[in-house]
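These values consider heavy atoms only, across backbone and side chains, with no hydrogens, waters or symmetry-generated copies. What you see is a predicted model; the values in this text were computed from it and never measured.
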Amino acid sequence: MKKILSILLIAVVIFVLYQHQKPTLSTEEAVVQAYEHLKNPPSEFLKSLPPIQIELDDIPGENIQLQMRPQGEFPGRLFNHLQWEVTISYEDVVPTIVMDAVTGEILDIVGPLN
């Protein structure tokens with residue numbers, strides 16, 4: 001019985017450590033991923049945010065802001081679930097793309113019209 005509990009405890013510890021140490025997107029990858037989401041926005045955001053028409057290289061660096069935050073409250077902090085919030089200012093539009101920091105999957109687009 002002790003052996004089974006020890007193996008189970010070790011498996012749980014390894015799982016928690018893996019969940020806590022998942023590799024996240026770098027800042028460059030997060031900016032490129034956010035730009036791609038702006039270039040081809042999901043259908044639910046098309047009414048409030050038209051696709052971006054300028055290239056990423058044409059956007060000055062001071063018009064791009066990044067912030068990494070925990071997803072949600074307690075469970076997100078416990079398991080270290082992070083999200084990127086990327087704000088790209090262009091053509092008098094200032095959307096913030098909220099993405100999963102590990103996969104780059106879009107969670108939300110927040111802006112003045114949403």
For Val86 against Ala30, the heavy-atom pair lying closest together: CG2-O, 4.1 Å

If you measure from CD on Gln53 to CG on Asp58, what distance do you get to the nearest 0.5 Å? 12.5 Å

Interatomic spacing from CD in Gln33 to CG in Leu38 - rounded to 0.5 Å: 11.0 Å

Which value, rounded to the nearest 0.5 Å, describes the distance between Lys2 atom NZ and Leu9 atom CG? 13.5 Å

How about Thr27 and Trp84: do any of their side-chain heavy atoms sit closer than 4.5 Å? yes

How close do Ser89 and Ile59 get, heavy atom to heavy atom, and via which atoms? O-CG2, 4.0 Å

Just wondering, more than 12 heavy atoms not from Ile4 lying within 6.0 Å of its CD1? no

Restricting to non-hydrogen atoms, name the atom on Leu25 and the atom on Gly104 that form the minimum distance, rounded to 0.1 Å. CD1-CA, 3.6 Å

Can you tell me how far apart CG (Asn63) and CD (Glu91) are? Round to the nearest 0.5 Å. 11.5 Å

Yes or no on side-chain contact (heavy atoms from CB on, under 4.5 Å) for Leu107 and Gln71, after CA distance, side-chain angles and deciding distance? CA-CA 10 Å; Leu107 301 174; Gln71 279 185 18; 3.5 Å; yes

Starting at CD1 of Ile106, measure out to NE2 of His37 and round the result to the nearest 0.5 Å. 5.0 Å

Taking all heavy atoms of Ile88 and all of Tyr35, pick out the closest pair and write down the distance. CD1-N, 4.3 Å

Hphob cluster co-occupancy, Met68 + Val102, side-chain heavy atoms under 4.5 angstrom: no

Taking atom CD of Glu105 as the centre, report whether more than 12 heavy atoms of other residues, nucleotides or ligands fall under 6.0 Å from it. no

